[in-house]
Amino acid sequence: LFLIAKTHVDNAKKFLKKDLPVHVVGHSIGGAVGLLSSEIFRQLKFRVESITTFGQPAVLLPANLDIFKKAKLTRIRIATDPIPLLFPG
């Protein structure tokens, strides 16, 4: 998923300006890619204003959680949706 996120950022950064906020939104696996992409954007000095995911499976290791503590992250899931349970932990 990280390689997909990297490719996504490489393609998207051509159309973004560093002085404007970036809002990352993704659904399902796209939410996981968006979450990973947001950190790549941040490392490239883009201002990630918010991250919103819908039905995103858990993809971060406990060591990675500190990176996102300062992010405005909204993770929306429905209790009956099986996708967020794909990668338990």
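Note that the coordinates shown come from a computational prediction; the quantities given were computed from them, not determined experimentally. What's counted below: heavy atoms across the whole structure, side chains too, no hydrogens, waters or symmetry copies.
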Tell me which pairs pass side-chain hydrogen bond (donor to acceptor under 3.5 Å, both in side chains) where either residue lies in residues 12-38, with sequence neighbours left out. His23-Ser50
About how many Å separate CG of Leu20 and CD of Glu49, when rounded to the nearest 0.5 Å? 11.0 Å
Identify each donor-acceptor pair in which a side-chain atom of residues 72-84 lies under 3.5 Å from a protein atom, sequence neighbours left out, and give them as a table.
{"unit_1": "Arg75", "atom_1": "NE", "unit_2": "Gln56", "atom_2": "O", "d": "3.3"}
{"unit_1": "Arg75", "atom_1": "NH2", "unit_2": "Gln56", "atom_2": "O", "d": "2.6"}
{"unit_1": "Asp81", "atom_1": "OD1", "unit_2": "Ile83", "atom_2": "N", "d": "3.1"}

When clusters are formed by joining ILVMFWY residues with side-chain heavy atoms under 4.5 Å apart, either directly or through shared neighbours, do Ile51 and Phe54 land in the same one? no
hydrophobic_cluster_shared for Val24 and Leu44, side chain cutoff 4.5 Å: yes
State yes or no: do Ile29 and Val25 share one hydrophobic cluster built from I, L, V, M, F, W and Y residues joined by side-chain heavy-atom distances below 4.5 Å, directly or via other members? no
Are Phe46 and Val9 close enough that some pair of their side-chain heavy atoms sits under 4.5 Å apart? no
